[in-house]
Protein chains: 2
Amino acid sequence: MTQVRRSAQQAAVPPSTVARLPGYLRALDELASAGVTTTSSDELARAAGVGPAQLRKDLSYLGSYGRRGVGYDVAHLAEQVGVVLGLRVERRVVIVGIGYLGHALASYSGFAERGFAVVALVDVDEAVVGTLVGGLVVEPFDELARVVAATGATIGVIATPAAAAQDVCDALVAAGVGGILTFAPRALRTPAHVDVRAVDVASELQILAFHDTRRQVPGA
Amino acid sequence: MTQVRRSAQQAAVPPSTVARLPGYLRALDELASAGVTTTSSDELARAAGVGPAQLRKDLSYLGSYGRRGVGYDVAHLAEQVGVVLGLRVERRVVIVGIGYLGHALASYSGFAERGFAVVALVDVDEAVVGTLVGGLVVEPFDELARVVAATGATIGVIATPAAAAQDVCDALVAAGVGGILTFAPRALRTPAHVDVRAVDVASELQILAFHDTRRQVPGA
DNA sequence: TAGATTGTTAATCGATTAACAATC
DNA sequence: TAGATTGTTAATCGATTAACAATC
């Protein structure tokens, strides 16, 4: 048991596989909406935008949920992927920073549809605190710890300017959240037991610009 | 020359390295702002949140921009990384879908700071078309091709609901953009010459939920 | 049974890490 | 020169892909 962070259930699911599971779940939901009840690795892979071999390999880490010669039951597989992702337990989210982005996130219906409840909004700006956004009253930043404790939020979202990100991050960690999703373009320092995912839209554009260059300027 | 998409310049930069370059650029800008003029792979790696060996390996694909025993000139290295990413040419961006998210993106100052000009906003909703957002007048969706041609946009951002994403994507491709950044939770089909990057915030939360589960429910 | 499709194995490929010779 | 730090090589590691035996 010197192995770092390994669940007791089955063999570990590799990170690259975990990162693709939400896409499979999305594709399964789309198929279900279209009335499809049984699917194949070929069909599901196409819907998710990956190769069929990769899909089967990924699913094999979760267990054996298909039937040879037949395929996968859409509803059953979706349920199992949901279980593995931990979506059968309600996940509560607190959003810090209620600017345009925070507004967008607080109002986004896609969260509820995919297993998340936004339970609190927090901001430092006195002009924003107390206003109603997406059905919630914005709380002051210095109440963060209390708000997290009171709501049972386990995931924090940072939607503040980059300059404030590390302080907000520290406060979220101190308040006891286990995972952080940050939109601020800055590397965050966190203890090892806190999971961080970063979305940086300008970085995404820069990666697109790289390929754009290769395409437009072949020689120089 | 049967090799697919390979630039004529130097040896290809691996995708995983390209994806980290924006982070290095960010870290370099932070160091420069702090008055640092020379840095080491150790210092820069720490600022960017990666290991020093990985940083040096990544930079080695771009060329030799450091000096042994001394380190890297911050300004010079930032310039070179910018060149490789294609940021010395102005990149023009059109945003489709001006809801909360589109608003947030249109108003985001971080784009301009990092080499991008938002040159056009487009929406289908008649109530939104004609309004002023972030200093730009929102154009009707059926004008997309004309707007892209007139502004010279080469990158399209999709900030619409998932149901509209594929149609918007097709229209952007038809209009001639070379890269697409989508926030809609749906796999997009595009021709091979168009580069797509997808940001799905609910998927990010689901990945966090996976680790949350491992932590909170060790046994079952 | 014959046909279809999974789950798994093995081979390939790419990415990361560590170590160190080159060199400032 | 002695100390520092890069750039590169080689070793390790993990991820992807292809092929096919198992089996419905």
Side-chain angles (χ1 to χ4, degrees), chain A residues 2-6 10-24 27-28 31 36-74 76-78 80-81 84 207 210, chain B residues 3-6 10-24 27-28 31 36-78 80-81 84 207 210:
Chain A
T2 40
Q3 189 82 38
V4 189
R5 276 206 250 167
R6 166 92 9 129
Q10 39 198 147
V13 183
S16 55
T17 294
V18 173
R20 280 187 294 268
L21 293 182
Y24 299 157
L28 285 165
L31 289 174
V36 178
T37 58
T38 299
T39 189
S40 64
S41 58
D42 261 59
E43 182 181 48
L44 182 55
R46 213 171 322 110
V50 303
Q54 178 154 88
L55 174 78
R56 289 201 300 276
K57 182 76 173 153
D58 283 338
L59 293 183
S60 76
Y61 291 112
L62 316 186
S64 285
Y65 299 121
R67 282 177 62 194
R68 294 171 200 239
V70 179
Y72 302 91
D73 181 85
V74 171
H76 182 244
L77 183 56
Q80 295 308 320
V81 174
V84 171
I207 296 167
F210 173 84
Chain B
Q3 191 80 39
V4 188
R5 278 207 246 168
R6 166 87 17 125
Q10 40 199 147
V13 182
S16 54
T17 294
V18 172
R20 280 186 295 268
L21 293 181
Y24 299 157
L28 285 165
L31 288 174
V36 177
T37 57
T38 301
T39 190
S40 64
S41 58
D42 262 59
E43 182 180 50
L44 183 54
R46 212 170 322 111
V50 303
Q54 178 154 86
L55 175 78
R56 290 202 298 279
K57 182 75 175 156
D58 283 338
L59 293 183
S60 77
Y61 291 112
L62 316 186
S64 284
Y65 297 121
R67 282 176 62 193
R68 292 170 201 240
V70 180
Y72 302 91
D73 180 84
V74 172
H76 182 244
L77 183 56
Q80 296 307 321
V81 173
V84 170
I207 296 167
F210 173 84

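Keep in mind that what you see is a predicted model, and the values were worked out from it rather than measured. Just so we're on the same page: letters track the sequence lines, and every chain starts at 1. Computed over heavy atoms, backbone and side chain alike; hydrogens, waters and symmetry mates excluded.
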Validation row: B:S60, B:R56 side chains within 4.5 angstrom (heavy atoms): no
Side-chain touch B:Y24/B:V50, heavy atoms, less than 4.5 angstrom: yes
Euclidean distance, atom CD of residue B:Q80 to atom C1' of D:dG7 [Å, nearest integer]: 16 Å
Nucleotide D:dT6, atom C1' - distance to CG of B:L62 in whole Å: 14 Å
Whole-Å distance separating the CG atom of A:L77 from the P atom of C:dT5: 16 Å
Side chain of B:R20 - closest among D:dT8, D:dT17, C:dT16: C:dT16
Heavy-atom closest contact (B:L55 atom, B:A45 atom, distance): CD2-N, 3.9 Å
Between C1' of C:dT5 and OH of A:Y65, the distance in whole Å: 19 Å
Minimum-distance nucleotide (side-chain atoms of B:S41 versus C:dA15, D:dT6, D:dT8): D:dT6
Check: A:R56 side chain, C:dG7 base, donor-acceptor under 3.5 Å: yes
A:Y72 vs A:L28 side-chain heavy atoms within contact, under 4.5 Å: no
Between D:dT16 (P) and A:L59 (CG): distance, integer Å: 14 Å
Integer-rounded Å distance: C:dA11 C1' and A:Q54 CD: 16 Å
Intra- and inter-strand pairs of DNA chain D in dot-bracket (Watson-Crick or G-U wobble, both distances under 3.5 Å; | for another strand): ..||||||||||||||||||||||
Among C:dT16, C:dT8, D:dT16, the nucleotide that comes nearest once only the side chain of B:K57 is considered: C:dT16
Closest non-hydrogen atom pair, A:T39 against A:L44: OG1-N, 3.7 Å
Nucleotide nearest B:R67 when distance is taken to its side chain, options C:dC24, C:dT16, D:dC20: C:dC24
Nearest-neighbour nucleotide for the A:A53 side chain, C:dT17, D:dT17, C:dT6 considered: D:dT17
Minimum-distance nucleotide to A:Y72 side chain [options: C:dA22, C:dT17, C:dT6]: C:dT6
Minimum side-chain heavy-atom gap B:D73-B:L77 below 4.5 Å: no
Euclidean distance, atom CG of residue A:L55 to atom P of D:dA18 [Å, nearest integer]: 15 Å
Side-chain donor/acceptor of A:R68 to base of C:dT6, under 3.5 Å: yes
Student check: side-chain heavy atoms of A:Y61 and A:V84 closer than 4.5 Å: no
N/O (side chain, A:S16) to phosphate O (OP1/OP2, D:dT16) under 4.0 Å: yes
Spacing between A:Y61 atom OH and C:dT6 atom P, to the nearest angstrom: 17 Å
